[in-house]
Amino acid sequence: MKISDETTAEEAIDIWRNKAPKEQLRHIRLSIETLELSQMYYENRGNEKGVIRSEKAIDILILRRKAIES
């Protein structure tokens, strides 16, 4: 699932909830990496809204990762 904003991040988390924690963490890690690349792209293009969207989605995924790890 392609994550591009807060809404899609939350939808992905809901889908992944049924999977094993290790698999959820893998999906989260890959999604964060992809979002970080998108964020760098937006920064290079001067697209501030894209940067903010990516940051917010990353924050949501990090919170979920912390919840799984604790």
I need the [X] [atom1] to [Y] [atom2] distance, nearest 0.5 Å.
X: Ser38; Y: Glu33; atom1: OG; atom2: CD; result: 12.0 Å
X: Ser31; Y: Ile13; atom1: OG; atom2: CD1; result: 9.0 Å
X: Glu23; Y: Ile68; atom1: CD; atom2: CD1; result: 11.0 Å
X: Thr34; Y: Leu61; atom1: OG1; atom2: CG; result: 10.0 Å
X: Gln39; Y: Lys56; atom1: CD; atom2: NZ; result: 12.5 Å

Applying side chain to side chain contact (heavy atoms under 4.5 Å, CB included), name anything that partners Ile62, two or more places apart in sequence or on another chain.
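With sequence neighbours excluded, Ile62 shows a side chain to side chain contact (heavy atoms under 4.5 Å, CB included) to Ile32, Ile58, Arg65, Lys66, given in chain and number order.
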Indicate if [X] and [Y] have the same hydrophobic cluster label, given that clusters are the connected sets of ILVMFWY residues with side-chain heavy-atom separations under 4.5 angstrom.
X: Ile52; Y: Ile60; value: no
X: Tyr42; Y: Leu35; value: no
X: Tyr41; Y: Val51; value: yes

Validation row: Glu11, Met1 side chains within 4.5 angstrom (heavy atoms):
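Yes - at least one pair of side-chain heavy atoms lies under 4.5 Å apart.
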Are any of the side-chain heavy atoms of Arg17 and Arg64 separated by less than 4.5 Å?
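A side-chain contact under 4.5 Å exists here.
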Is the backbone of Lys19 close enough, under 3.5 Å, to the side chain of Gln24 for a donor and an acceptor to pair up by distance?
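At least one qualifying donor-acceptor pair exists.
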Taking all non-hydrogen atoms of both residues into account, name the closest pair between Thr8 and Ile3 and its distance.
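It is OG1-CA, 3.5 Å.
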Contacts of Asn44 that satisfy side-chain hydrogen bond (donor to acceptor under 3.5 Å, both in side chains) - sequence neighbours left out
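Partners of Asn44 under the side-chain hydrogen bond (donor to acceptor under 3.5 Å, both in side chains) test: none.
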Using the test side-chain hydrogen bond (donor to acceptor under 3.5 Å, both in side chains), find all partners of Asp59 that sit at least two apart in sequence or belong to another chain.
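Counting only residues at least two positions away or on another chain, Asp59 forms no side-chain hydrogen bond (donor to acceptor under 3.5 Å, both in side chains).
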